[in-house]
Peer 1: 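After the structure tokens below, expect a handful of questions from me.
Because the structure is predicted, anything quoted here is derived from the model rather than measured.
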Amino acid sequence: MAELKYEITEKIGVLSENAKGWTKELNMVSWNEHEAKYDIREWAPDHSRMGKGVTLTADELAELKTLLADIDLDSFDEE
């Protein structure tokens, strides 16, 4: 299996943290030395390991922002 290279080029924010200290974050990440993209995934406290996530272009993030703006969060029950 080929080595996966990544660099977090900009830390944008933490969305949540679990009991083991892993954080779900929105960052700019360069994968395998390509142009950095927006990335949402869980990271170990030292960022040496990560969970599955989603990577978005600026256009995709803009579309997601539009879609999220149309969601009525008051209609969701807290679990």
Side-chain angles (χ1 to χ4, degrees):
M1 181 178 217
E3 180 184 353
L4 178 65
K5 295 180 183 178
Y6 66 92
E7 177 186 4
I8 298 173
T9 61
E10 180 182 350
K11 293 182 179 183
I12 298 172
V14 174
L15 303 173
S16 62
E17 182 174 345
N18 70 21
K20 294 183 179 182
W22 282 59
T23 52
K24 190 174 296 176
E25 302 178 12
L26 172 62
N27 297 314
M28 292 292 293
V29 180
S30 169
W31 296 99
N32 295 319
E33 300 177 353
H34 288 96
E35 181 179 347
K37 295 182 181 178
Y38 293 94
D39 186 87
I40 301 171
R41 73 183 61 244
E42 289 188 333
W43 291 91
D46 63 358
H47 290 92
S48 65
R49 296 187 304 154
M50 81 265 327
K52 292 182 180 179
V54 62
T55 300
L56 304 166
T57 65
D59 289 341
E60 291 169 331
L61 186 67
E63 183 63 26
L64 178 60
K65 181 179 178 182
T66 299
L67 294 170
L68 291 173
D70 292 337
I71 294 176
D72 179 10
L73 294 176
D74 293 331
S75 67
F76 291 95
D77 292 334
E78 297 267 339
E79 294 182 16

Peer 1: Who are the side-chain contact (heavy atoms from CB on, under 4.5 Å) partners of Thr57, not counting sequence neighbours?
Peer 2: Lys37, Asp59, Glu60
Peer 1: Provide the full list of side chain to side chain donor-acceptor pair (under 3.5 Å) pairs with a residue in residues 5-16, sequence neighbours left out, each pair given once.
Peer 2: none
Peer 1: Using the side-chain contact (heavy atoms from CB on, under 4.5 Å) criterion, which residues pair with Ile40? Sequence neighbours excluded.
Peer 2: Leu15, Lys24, Leu26, Val54
Peer 1: Please walk me through it: do Tyr38 and Leu64 pass side chain to side chain contact (heavy atoms under 4.5 Å, CB included)?
Peer 2: CA-CA 12 Å; Tyr38 293 94; Leu64 178 60; over 6 Å; no
Peer 1: State which residues pass side chain to side chain donor-acceptor pair (under 3.5 Å) with Asp46; sequence neighbours excluded, sorted by chain then number.
Peer 2: Ser48
Peer 1: Which heavy atom of Asn27 sits nearest to which heavy atom of Ile12, and what is that distance?
Peer 2: OD1-N, 3.5 Å
Peer 1: Can you list everything that forms a side-chain contact (heavy atoms from CB on, under 4.5 Å) with Glu17? Sequence neighbours excluded, please.
Peer 2: Thr23
Peer 1: Assigning hydrophobic clusters by single linkage (Ile, Leu, Val, Met, Phe, Trp, Tyr; side-chain heavy-atom cutoff under 4.5 Å), is Leu4 placed with Met28?
Peer 2: no
Peer 1: Looking at CG of Asp39 and CE of Met50, how far apart are the two atoms once the value is rounded to the nearest 0.5 Å?
Peer 2: 8.5 Å
Peer 1: Run through the side-chain heavy atoms of Ile, Leu, Val, Met, Phe, Trp and Tyr, join any pair under 4.5 Å, and report what else lands in Trp22's cluster.
Peer 2: none
Peer 1: Considering residues at least two apart in sequence or located in another chain, which fulfil the side-chain contact (heavy atoms from CB on, under 4.5 Å) criterion with Leu67?
Peer 2: Glu63
Peer 1: Using every non-hydrogen atom in the two residues, find where Lys20 and Pro45 come nearest and quote the distance to one decimal.
Peer 2: O-CG, 4.2 Å
